[in-house]
Amino acid sequence: MVIIDNNYCKGCFLCMHYCPKKIIDKSTNINGKGYAVPYIANPEECSNCKTCELICPELAITVEEGDN
Ligand code: SF4
Ligand code: SF4
């Protein structure tokens, strides 16, 4: 399960570019800092690889074990 804390996101989309499954996409939601934030478009395809968690410079992503 991928949890994105929108409050920390700066809209760089490194997570989207580096996700090996290409399941992260841009949402239409804008956070309090004025940035468009990502969302997991196909959570059932997530492999819990944690690449997004490791690549996020703002530590906005947490990947937990368990169902997506
Ligand atoms: S890598 Fe982090 S800061 Fe950048 S868009 Fe993704 S969640 Fe937001
Ligand atoms: S844990 Fe891996 S597969 Fe799942 S969204 Fe993050 S980078 Fe993509």
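Remember, it's 1-based here, ligands and their atoms both numbered in the order they're listed. The analysis underlying the following values was restricted to heavy atoms, covering all of them including side chains, and did not include hydrogens, waters or symmetry mates.
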Which residue and heavy atom of the protein sit nearest [atom], plus the separation:
{"atom": "atom 2 (Fe) of ligand 2", "answer": "Cys49 SG, 2.2 Å"}
{"atom": "atom 4 (Fe) of ligand 2", "answer": "Cys46 SG, 2.3 Å"}
{"atom": "atom 8 (Fe) of ligand 2", "answer": "Cys19 SG, 2.4 Å"}

| query | Between Cys52 and Ile24, what is the shortest heavy-atom contact and its length? | reply | CB-CD1, 3.9 Å
| request: Determine yes or no for a side-chain-to-main-chain donor-acceptor pair under 3.5 angstrom, with Asn48 supplying the side chain and Glu64 the backbone. | output: yes
| said: With a 3.5 Å distance limit and no angle check, can you tell me whether Asn31 reaches the backbone of Cys9 through a side-chain donor-acceptor pair? | reply: yes
Identify each donor-acceptor pair in which a side-chain atom of residues 13-21 lies under 3.5 Å from a protein atom, sequence neighbours left out, and give them as a table.
none

Under 4.0 Å from a heavy atom of [X]: give me the atoms of ligand 2 that qualify, with their elements.
{"X": "Lys21", "answer": "3 (S)"}
{"X": "Ser47", "answer": "3 (S)"}
{"X": "Pro20", "answer": "7 (S)"}
{"X": "Thr51", "answer": "7 (S)"}

| remark: The answer for which part of Lys50 has a heavy atom under 4.0 Å from ligand 2 is backbone
| So if you build clusters from Ile, Leu, Val, Met, Phe, Trp, Tyr with side-chain heavy-atom gaps below 4.5 Å, do Val63 and Tyr39 land together? | no
| Taking only residues two or more places apart in sequence or in another chain, which ones pass salt bridge (Lys or Arg N to Asp or Glu O under 4.0 Å) with Lys10? | Glu58
| task | Hey, could you give me each pair passing salt bridge (Lys or Arg N to Asp or Glu O under 4.0 Å) that has a residue in residues 31-43? Not counting sequence neighbours. | result | none
State, with a plain yes or no, whether a side-chain heavy atom of [X] is found less than 4.5 Å away from one of [Y].
{"X": "Ile61", "Y": "Val2", "value": "yes"}
{"X": "Asp5", "Y": "Leu59", "value": "no"}
{"X": "Pro38", "Y": "Asp25", "value": "no"}

| said: Taking 2.8 Å as the distance threshold, tell me the number of protein N/O/S atoms next to atom 6 (Fe) of ligand 1. | reply: 1
